[in-house]
Amino acid sequence: MRSFAGRDILSLKEFERNEFFHVFDVAEKMEVIARGRKNVDMLKEKTLVTAFYQPSTRTRLAHEAAMHRLGGHVTGFSDAKMTRAGDWYQESIKDTVKMLEFYGDVVVMRHFQKGAPHEAAKWSSVPIINGGDGWGEHPTQILTDLYTVLREKGRIDGLKWLAVGDMRMRTMHSLGYALSQFDCPITFVSPAANALFPNSPDMCMPDEYKTDFKQYGLNFREADHVEQAIADADVILVEPVIQPDYTQARQEASKDKSLTPANYKITRELLVGKAKSDAILLHSLPRMDEIPLDVDITRWSRYWQEAFNGVVMRMTLLAMVLGAVE
Ligand code: CP
């Protein structure tokens, strides 16, 4: 197996099956530290740099919390407008990362441009972790989600997935690549163009990813309504269809946000009436109304466990790429 020490985490397209299981083995050890709410000194001589060109609650703070749990240090920015990359200069990724590599030992980057972390990795002497790039990928989130499935269901192979939401979303692309390494059929449910309101964009899985998924052997199909797939699903993963444009640095809230149509919504009634009794429901959050609040206390919801595992997975990846755990 390739070593993780010094490695960039840019895409799950690059992950091999045995590497997933190795990451999950290390995560189980890290979970003990996080569950005990302890801070250890594993990374006491290391610094994480956060380079966030787009808003984030979970990804940035989970990486920061993970670094603190492992005794490391954190510096960085969460608003690129206050850096030279976001002002008059529009400083390039190359020039920015040629600074950041001397400020710390690993960089986690979120960017509105697909491929920006890959560009950073070309120039950086320290590992780059992709914290979400435009409509590209979100590898650390899907590693978190697969680890949650493993912990909650005891296995990954043999489970049927239902993924609901905007398939331009970066999590969906990392998910497709990841599941191609497992025996996991998946149904994608998403709105085609104009399905939500006139001139709404096509939110079906983009052709470039479908082509890749076929080449990688992913067993997938597409459907129009969650009711066409929920009865068979062991894992239901939901993302919004009412959401901002992820290719923008930031979008202010509009007063006239639409409501999510029933096709893309997981309600308590649907779960009680149609879902398997032992299925689990994931959402990386933030949510709109696609999972109403009364679902939170049903036996299907696992998004708070997912949130906890988000810290565990970032502890794991930081420890591995920084060479503290082989
Ligand atoms: N799930 C996720 O990526 O959340 P943030 O946008 O808050 O980081």
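Whatever order the structure lists them in is the order used to number ligands and atoms, beginning at 1.
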Checklist entry - Is there a side-chain contact between V107 and E101, using heavy atoms and a 4.5 Å cut-off? => result no
Item to check | Heavy-atom side-chain proximity of F213 to F188 below 4.5 angstrom | outcome: yes
Item to check | Protein heavy atom at shortest distance from atom 4 (O) of ligand 1 | outcome: R58 NE, 3.0 Å
Checklist entry - Are D157 and R17 within salt-bridge range, i.e. N to O under 4.0 Å? => result yes
Item to check | Top protein contact for atom 6 (O) of ligand 1, by heavy-atom distance | outcome: R110 NH1, 2.8 Å
Checklist outcome for this item: One finds that the ligand 1 atoms under 4.0 Å from a non-hydrogen atom of S284 are 1 (N)
Item to check | Element-labelled atoms of ligand 1 that are located less than 4.0 Å from some non-hydrogen atom of Q141 | outcome: 1 (N)
Checklist entry - Under 4.5 Å between any side-chain heavy atoms of Y303 and I291, yes or no? => result yes
Checklist entry - At what distance is the nearest protein heavy atom to atom 7 (O) of ligand 1, and which residue and atom is it? => result T57 N, 2.7 Å
Next on the checklist: So if I count the atoms of ligand 1 from 1 in the order they appear, which ones are less than 4.0 Å from some heavy atom of L285?
Outcome noted: 1 (N), 2 (C), 4 (O)
Checklist entry - In terms of ring plane angle, is the pair F20 and F24 parallel, tilted or perpendicular, where the classes change at 30° and 60°? => result tilted
Next on the checklist: Using the rule given for side-chain hydrogen bond (donor to acceptor under 3.5 Å, both in side chains), can you reason through S284 versus R58, listing the C-alpha separation, both sets of side-chain angles and the distance that settles it, and then say yes or no?
Outcome noted: CA-CA 9 Å; S284 66; R58 284 145 284 268; over 6 Å; no
Checklist entry - Do R268 side-chain atoms and D294 backbone N/O form a donor-acceptor pair below 3.5 Å? => result yes
Next on the checklist: Contact between ligand 1 and R60 is defined here as a heavy atom of the residue under 4.0 Å from a ligand atom; is it met?
Outcome noted: no
Checklist entry - Does a side-chain N-to-carboxylate-O contact under 4.0 Å join R168 and D166? => result yes
Item to check | T171, portion touching ligand 1 at heavy-atom distance under 4.0 Å | outcome: neither
Item to check | Option nearest atom 8 (O) of ligand 1 (shortest heavy-atom distance, choices A307, G310, G132, S56) | outcome: S56
Checklist entry - Can Q54 be said to touch ligand 1, with heavy atoms closer than 4.0 Å? => result no
Checklist entry - N/O to N/O below 3.5 Å, does that happen between P286 and ligand 1? => result no
